[in-house]
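One is the number of the first residue; the rest follow in order along the sequence.
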Amino acid sequence: MKTGWHFWIDRGGTFTDVVARAPDGREIVKKLLSVNPGRYDDAALEAMRLILKENDAGFADIEAVKLGTTVATNALLERKGADVVLVVTEGFGDALEIGVQARPEIFARHIVKPDLLHRGIIEARERVTAEGEVLTALDEAHARAELTRAFAEGYRAAAIACLHGWAYPAHERRLAEIAREIGFTQISVSHEISGLIKFVPRADTTVADAYLSPVLRAYIDGFAGGFGEATPPLYFMQSNGGLASAATFRGRDAVLSGPAGGVVGMTAAARRAGFDHALGFDMGGTSTDVSHYAGEFERTNETMVAGVRLSAPMLQVHTVAAGGGSICAFDGMRLRVGPHSAGADPGPACYRRGGPLTVTDCNVLLGRVRPEFFPAIFGPNADQPLDTEIVAKKFAALCAEIQAATGSMLTPEDAAEGFLRIANENMAEAIKKISIQRGYNPAEYALVAFGGAGGQHACAVADAVGVETILLHPLAGVLSAWGMGLADERTVVEETVEEKLGASDLSARAKILTAKAREQLAETESIAVTLVANLKYEGADSALPISFDSENLATAFEIEHRKRFGFIDPARAIIVASLTAEAVATQERGPSGPPSSI
């Protein structure tokens, strides 16, 4: 039984969406610009303050807050994290710069590498073999001297990743103890952050955690401080689709915090409408996130975000730089949409802050976005509607520019339609990538359109990919925030096995892993643990997740392998790459119906 106010918040690049449930069950929606200098410092706190004030309540009446945030993502994209010193095994100081030698643009003559997240490197004198033999004992005096020097240079965040540390973590633990004694405030250790084989992604993930966690912690402390003496329980959405308490939320789990809420909301909306196959189409102000659902969440353990390799459980979300705020321009030869966005400040031209023409302005010009139905939150006093006059003037100027450069006469409406066709094709290609290119027929799926701009483009995108059913939830405009209210507190724990199936008793390992997963959640009787064995053929690189409860793991693997790749190979041994335990603490469900006010 809910006795206080509950808030579910999605802080996006352009808008911050809030769904509130009052003690009497009413649901209230508020949408504010994420950045509005001079009006408020934090959009989420401001939205909650306004809702509570309108209902004669205060922060002390809040029972819980669930939040998805782009703070970590933005810090990664803009390279505004903490200064990190990386501690690695001697001789491997440049391993992350070398990376995996992948060349995304194979014909590019000028290779531009992403900036490394760490600024300093310490090569610890230690070495352990893959079998656990200590070739070189840890030189503690040398490590202490180097860490003391780094601390004196201003480093406060340390990432520790030793070769084979996932299996033999004694040296990593001791290095962490030394760093803690010296005074480092953020210490990320690879066997705790990503306890899997493969040194480069494990070390990369450890560095990312050390780089992002201080920024995240500063944001959480600032956000909590905004409540004054009445700070309620705070939960944050993780990249894996589950919630974490403010105390346990860390950098490696925050990169897809915002989009994850959308996936949770999308799947819940699809299930409640009777669809067990759905394609998520989340078009916001800055970007569009697409996702695939066929009865269960799809996760990936290795992904690339902003040029950084991450090895951590994440919901599989594909993002393209096409949103309501994507800038529409003429480059002298052709019309272009994105990848840059006008964001919330200055925002689209119609936002009355001197912004450029965007996809939103195209919809305004064509009458698809009506000022009388759009929140009047613009202008100096945040009480004016969208500005249609400036949109018409800017499109007229653009058409004059196009005519001067090419001799072709375009009406403003033609130009707006052209921009929208480009944006729609970009988003349709993203959906084809997660469906057709993976062997799924879009005609068998419902397209769940949500996000502030999803409804404006859903029909055109569905036509482009062959989807015949579109689902629009009553809270489609704030579905990511709605998803926060439906999410459970959860944690995912993994352990590398790398043994032939049947070579050892997996049950003992599974029992230990299950206990470890349970320990990471707050004490509650309603914890459910799901076990998965990640299997592959000997010599293969990609593993397939198979339920540990399957009657015959080998048979279940072969069925899945034939379904995914079209063949099986009975002559090859099956390898257990790793085990995954997912613990879920079921919470009281959030909102379930349409809002009482918007």
Participant: How close do A143 and L175 get, counting heavy atoms only, and between which atoms?
Facilitator: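 Answer, listing the atom of A143 first, then L175: CB-CD2, 3.6 Å.
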Participant: Is K536 paired with E498 through a side-chain N to carboxylate O contact shorter than 4.0 Å?
Facilitator: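 Result for this pair is yes, salt bridge flagged.
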Participant: How long is the span from the CG atom in D569 to the CD1 atom in I574, to the nearest 0.5 Å?
Facilitator: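 Nearest 0.5 Å value for the CG-CD1 distance: 10.0 Å.
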Participant: Under 6.0 Å from the ring centre and within 45 degrees of the ring axis: does the NZ or CZ of R156 meet both conditions for the six-membered ring of F151?
Facilitator: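 Ring-cation test returns yes.
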Participant: Would you mind reporting whether L135 and T129 have side-chain heavy atoms less than 4.5 Å apart?
Facilitator: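 SC-SC contact between T129 and L135 confirmed.
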Participant: Which distance, rounded to the nearest 0.5 Å, do you find between the CE of M266 and the CZ of R271?
Facilitator: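 Reported value, rounded in 0.5 Å steps: 9.5 Å.
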Participant: Spell out, as yes or no, whether a donor-acceptor pair under 3.5 Å connects the side chain of N441 to the backbone of E444.
Facilitator: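 No, because the side chain of N441 does not come within donor-acceptor range (under 3.5 Å) of the backbone of E444.
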Participant: Tell me, do R299 and E582 make a side-chain contact under 4.5 Å, heavy atoms counted?
Facilitator: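 A side-chain contact under 4.5 Å exists here.
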Participant: Find out whether R217 and Q186 are in side-chain contact, i.e. whether some heavy atom of one side chain is under 4.5 Å from a heavy atom of the other.
Facilitator: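 No, every pair of side-chain atoms sits at 4.5 Å or beyond.
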Participant: Identify which one of R125, H171, R127, E126 satisfies the side-chain hydrogen bond (donor to acceptor under 3.5 Å, both in side chains) criterion when paired with T89.
Facilitator: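 Exactly one pass, corresponding to E126.
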Participant: Test side-chain contact (heavy atoms from CB on, under 4.5 Å) on S188 and R250; report intermediate values, then the result.
Facilitator: CA-CA 10 Å; S188 299; R250 57 190 314 159; 4.0 Å; yes
Participant: For the pair L117 and V84, evaluate side-chain contact (heavy atoms from CB on, under 4.5 Å) and give the outcome as yes or no after the intermediate values.
Facilitator: CA-CA 7 Å; L117 297 186; V84 177; over 6 Å; no
Participant: Assess whether side-chain contact (heavy atoms from CB on, under 4.5 Å) is satisfied between L96 and V200, documenting all intermediate values.
Facilitator: CA-CA 6 Å; L96 299 194; V200 171; 4.2 Å; yes
Participant: Are any of the side-chain heavy atoms of F249 and L234 separated by less than 4.5 Å?
Facilitator: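 In short, these two side chains do not touch, never coming nearer than 4.5 Å.
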Participant: Just how far is it from atom CG of L471 to atom CG of L279, taken to the nearest 0.5 Å?
Facilitator: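 Atom-to-atom, L471:CG and L279:CG are 12.0 Å apart.
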Participant: Where the side chain of S547 meets the backbone of V532, is there a donor-acceptor pair that is under 3.5 Å apart?
Facilitator: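 Side chain of S547 to backbone of V532: no pair is present.
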Participant: Indicate yes or no: does R509 engage E499 in a salt bridge with an N to O separation below 4.0 Å.
Facilitator: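 A salt bridge is present here (some side-chain N lies under 4.0 Å from a carboxylate O).
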Participant: Would a distance-only check, ignoring hydrogens and angles, find a side-chain to backbone donor-acceptor pair under 3.5 Å from T319 to D289?
Facilitator: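 A pair under 3.5 Å: no.
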Participant: Test your reading of the model: is there a side-chain donor-acceptor pair from Y211 to the backbone of K80, 3.5 Å cut-off?
Facilitator: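 Indeed, once roles are kept as given, a pair shorter than 3.5 Å links the two residues.
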Participant: So, does S213 use its side chain to make a donor-acceptor pair with the main chain of G251 at under 3.5 Å?
Facilitator: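 A pair under 3.5 Å: yes.
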Participant: Given ring-ring contact (aromatic ring centres under 6.0 Å, His included), test Y168 with H191 step by step and report yes or no.
Facilitator: CA-CA 9 Å; Y168 307 101; H191 72 272; over 10 Å; no
Participant: Please confirm whether the backbone N or O of E538 pairs with a side-chain atom of R572, one donor and one acceptor, at under 3.5 Å?
Facilitator: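 Flag set: sc R572 to bb E538 pair under 3.5 Å.
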Participant: Is any side-chain heavy atom of P313 closer than 4.5 Å to one of T580?
Facilitator: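 SC-SC contact between T580 and P313 ruled out.
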Participant: Looking at T69, is its backbone amide N or carbonyl O close enough to the side chain of S257 to form a donor-acceptor pair, meaning the two atoms are under 3.5 Å apart?
Facilitator: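 Side chain of S257 to backbone of T69: a pair is present.
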Participant: Determine, step by step, whether Y440 and H277 satisfy the ring-ring contact (aromatic ring centres under 6.0 Å, His included) criterion, reporting the C-alpha distance in whole Å, the side-chain angles of both residues, the deciding distance to 0.1 Å, and the verdict.
Facilitator: CA-CA 10 Å; Y440 302 114; H277 288 71; 8.3 Å; no
Participant: What is the minimum heavy-atom distance between A270 and A278, and which atoms define it?
Facilitator: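 Heavy atoms of A270 and A278 come nearest at CB-CB, 3.7 Å.
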Participant: Please find the pair of heavy atoms, one from D115 and one from R79, that lie closest to each other, and give the distance.
Facilitator: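 In this case the closest contact between D115 and R79 is O-NH2, 3.3 Å.
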Participant: Closer than 3.5 angstrom, by distance alone: can the side chain of Y155 be matched with the main-chain N or O of A150 as a donor-acceptor pair?
Facilitator: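 No, because the side chain of Y155 does not come within donor-acceptor range (under 3.5 Å) of the backbone of A150.
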Participant: Testing the 3.5 Å rule here: is there a donor-acceptor pair between the side chains of E489 and S245?
Facilitator: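 No, no side-chain donor-acceptor contact under 3.5 Å.
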Participant: Begin from the C-alpha positions of E495 and K511 and carry the test salt bridge (Lys or Arg N to Asp or Glu O under 4.0 Å) through to its verdict.
Facilitator: CA-CA 12 Å; E495 179 182 323; K511 188 175 182 180; over 6 Å; no
Participant: Applying side chain to side chain donor-acceptor pair (under 3.5 Å), run through S194 and S311 and close with a yes or a no.
Facilitator: CA-CA 6 Å; S194 176; S311 179; 3.2 Å; yes
Participant: Looking only at heavy atoms, which two atoms of L486 and R272 are closest? And how far apart?
Facilitator: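 What the structure gives for the nearest pair is CD2-NH2, 3.5 Å.
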Participant: Please check if the side chain of Q238 supplies one atom and the backbone of R490 the other of a donor-acceptor pair under 3.5 Å.
Facilitator: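 Present.
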Participant: Of all the heavy-atom pairs spanning M237 and G68, show the shortest one and how long it is.
Facilitator: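 Minimum heavy-atom separation between M237 and G68: CB-CA, 4.1 Å.
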Participant: What I'd like to find out is whether the side chain of T469 reaches to under 4.5 Å of the side chain of L447, using heavy atoms alone.
Facilitator: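 When only atoms from C-beta onward are counted, L447 and T469 do not touch, as no gap falls below 4.5 Å.
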Participant: What's the separation between atom CG in D204 and atom NE2 in H118, rounded to the nearest 0.5 Å?
Facilitator: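 Reported value, rounded in 0.5 Å steps: 8.5 Å.
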Participant: For a side-chain contact (heavy atoms from CB on, under 4.5 Å) check, start with the C-alpha distance between Q520 and T248, then their side-chain angles and the critical distance, and finish with the verdict.
Facilitator: CA-CA 9 Å; Q520 293 191 10; T248 59; over 6 Å; no
Participant: Should we say atom CD of E551 is surrounded by more than 12 heavy atoms from elsewhere, each under 6.0 Å from it?
Facilitator: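 Atom CD in E551 is not crowded, with 12 or fewer foreign heavy atoms closer than 6.0 Å.
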Participant: Any Lys/Arg nitrogen of K198 or D541 sitting under 4.0 Å from an Asp/Glu carboxylate oxygen of the other?
Facilitator: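 So K198 pairs with D541 through a salt bridge.
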Participant: Please verify the inter-ring angle class for H473 with W482; under 30° counts as parallel, over 60° as perpendicular, anything in between as tilted.
Facilitator: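 The rings of H473 and W482 sit tilted, inter-plane angle from 30° to 60°.
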Participant: When rounded to the nearest 0.5 angstrom, what is the spacing between CD1 in I559 and OG1 in T555?
Facilitator: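 Reported to 0.5 Å precision, the distance equals 6.5 Å.
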Participant: Using a 4.5 Å cut-off on heavy atoms from C-beta on, say whether the side chain of S480 contacts that of D282.
Facilitator: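 SC-SC contact between D282 and S480 confirmed.
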Participant: Let me see the working for Y293 and Y445 under ring-ring contact (aromatic ring centres under 6.0 Å, His included), right down to the final yes or no.
Facilitator: CA-CA 9 Å; Y293 173 71; Y445 288 74; 9.3 Å; no
Participant: Of all heavy-atom pairs between F297 and V264, which one has the smallest distance, and what is that distance?
Facilitator: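 It is CZ-CG2, 4.0 Å.
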Participant: Any salt bridge between R180 and E177, counting N to O under 4.0 Å?
Facilitator: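 No salt bridge links R180 with E177.
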Participant: Only one of E172, E302, E494 forms a salt bridge (charged side-chain N to carboxylate O under 4.0 Å, His left out) with R202, so which one is it?
Facilitator: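 Answer to the salt bridge (charged side-chain N to carboxylate O under 4.0 Å, His left out) test with R202 among E172, E302, E494: E172.
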Participant: Do I160 and I187 have side chains that approach each other closer than 4.5 Å (heavy atoms only, starting at C-beta)?
Facilitator: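 The answer is yes; the side chains approach within 4.5 Å.
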Participant: Quick check for you: to the nearest 0.5 Å, what is the distance between H164 atom NE2 and E131 atom CD?
Facilitator: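 Between H164 NE2 and E131 CD, I get 7.5 Å after rounding to 0.5 Å.
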Participant: Measure the acute angle between the ring planes of H561 and Y537, then classify it against the limits of 30° and 60° as parallel, tilted or perpendicular.
Facilitator: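 Answer is perpendicular, since the angle exceeds 60°.
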Participant: Look only at the side chain of R174 and the backbone of L138, and say whether a donor-acceptor pair between them is shorter than 3.5 Å.
Facilitator: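 Answer holds: no.
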Participant: Looking at K516 and E519, does any basic side-chain N land under 4.0 Å from a carboxylate oxygen?
Facilitator: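 So K516 does not pair with E519 through a salt bridge.
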